[in-house]
Amino acid sequence: RSRIRSGTKKNMKTALGIIFIVLGSFIGKKTTDKYLQAQKYFCALADFNRNLISNLEYKRESVKTLAKKNYGFADFDKTVGSVFGEELFIPKYLDEGQVKFLKEYLSGIGRNNESAEKAFLSYSEREIVKILDECADKNKKYGSLGLKLGFAAGAAAFILII
């Protein structure tokens, strides 16, 4: 009986250790996932800005019509859709500088004559590319780091349990 209890106790410790490793990895990944999310968000913003530029030159649809299109990232679609509503949706993973740029950008589109609008959108495209590059660098730098640190913390907990 004592061997059975000992084996069961060891299995419980192993299972608990594996849970810590998985949980640590998950938490680590989630904490650095914001960089990937911001990168996807500004990719969608770049697509939206390109649509506005081409629309200004060729199609001449309203900004509201273009805002209703799907840009492939739900948070961005939600933000653009909320521009015409009461409260602007801004994801929590964007930093202060990104939020400031986004608010200025969204308040500036569709408010100028054609030449001023082209200048504004061209300037915005350069700024969006800068922000997108920063997001990609941060994601590259920190993206896998969170997963590795979470795994290491889980593995340390596993070792302490055993």
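Treat the numbers as computed from the prediction; the structure is a model and nothing was measured.
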- [ ] Output the distance between atom OG1 (T79) and atom CG (L94), rounded to the nearest 0.5 Å.
- [x] 7.5 Å

Task: Parallel, tilted or perpendicular: rings of Y105 and F120 (30°, 60°) - done: parallel

- [ ] Indicate if L45 and V99 have the same hydrophobic cluster label, given that clusters are the connected sets of ILVMFWY residues with side-chain heavy-atom separations under 4.5 angstrom.
- [x] yes

Open item on the list: Can you tell me how far apart CD1 (I109) and CG (N49) are? Round to the nearest 0.5 Å.
Closed with: 8.5 Å

Could you list the donor-acceptor pairs under 3.5 angstrom formed between side-chain atoms of residues 128-141 and any protein atom two or more places apart in sequence or on another chain?
residue: K130; atom: NZ; partner: E127; partner atom: OE2; Å: 3.3
residue: N139; atom: ND2; partner: Q39; partner atom: OE1; Å: 3.1

Task: With I19 via side chain to side chain contact (heavy atoms under 4.5 Å, CB included) - residues at least two apart - done: none

Open item on the list: Restricting to non-hydrogen atoms, name the atom on K69 and the atom on D77 that form the minimum distance, rounded to 0.1 Å.
Closed with: O-OD1, 3.9 Å

Open item on the list: What I'd like to find out is whether the side chain of R50 reaches to under 4.5 Å of the side chain of D47, using heavy atoms alone.
Closed with: yes

TODO: Measure the shortest side-chain to side-chain distance between Q98 and F42 over non-hydrogen atoms and say whether it is less than 4.5 angstrom.
DONE: yes

Task: Heavy-atom donor-acceptor pair, E104 side chain to F101 backbone, under 3.5 Å - done: no

Task: For A153, side chain to side chain contact (heavy atoms under 4.5 Å, CB included) partners two or more places apart - done: none

TODO: Can you measure from NZ (K118) to CG (L52) and round to the nearest 0.5 angstrom?
DONE: 13.5 Å

Task: More than 12 heavy atoms from other groups under 6.0 Å of CZ on F26 - done: no

- [ ] Could you tell me whether a side-chain N or O of S122 sits under 3.5 Å from a main-chain N or O of A119, the two making a donor and an acceptor?
- [x] no

- [ ] May I ask you to check if K78 and F89 form a cation-pi contact, with NZ or CZ under 6.0 angstrom from the six-membered ring centre and within 45° of the axis?
- [x] yes

- [ ] Determine, using the 4.5 Å side-chain heavy-atom cutoff (strictly less than), whether I27 and I18 are members of one ILVMFWY cluster.
- [x] no

Open item on the list: Please enumerate all residues that pass side-chain hydrogen bond (donor to acceptor under 3.5 Å, both in side chains) together with D33, with sequence neighbours excluded.
Closed with: Q37

Open item on the list: So, taking the atom named CD1 in I53 and the one named CD in E117, what distance separates them when rounded to the nearest 0.5 Å?
Closed with: 9.5 Å

TODO: Write down the atom of I21, the atom of A155, and the distance for their closest heavy-atom approach.
DONE: CG1-N, 3.6 Å

Open item on the list: Hydrophobic clustering (ILVMFWY, side-chain heavy atoms < 4.5 Å, transitive) - are L23 and M12 grouped together?
Closed with: no

Open item on the list: With heavy-atom distances below 4.5 Å as the criterion, would you say the side chains of I90 and K103 are in contact?
Closed with: yes

- [ ] Using the test ring pair (Phe, Tyr, Trp, His ring centres under 6.0 Å), find all partners of F48 that sit at least two apart in sequence or belong to another chain.
- [x] Y71, F76

TODO: List in chain and number order the residues that pass ring pair (Phe, Tyr, Trp, His ring centres under 6.0 Å) with F20, two or more places apart in sequence or in another chain; answer none if no residue qualifies.
DONE: none

Open item on the list: I'd like to check F73 versus C43 (side-chain heavy atoms, cut-off strictly below 4.5 Å). Are they in contact?
Closed with: no

Open item on the list: Looking at every non-hydrogen atom in both residues, tell me the closest pair between S82 and E87 and how far apart they are.
Closed with: CB-O, 3.4 Å

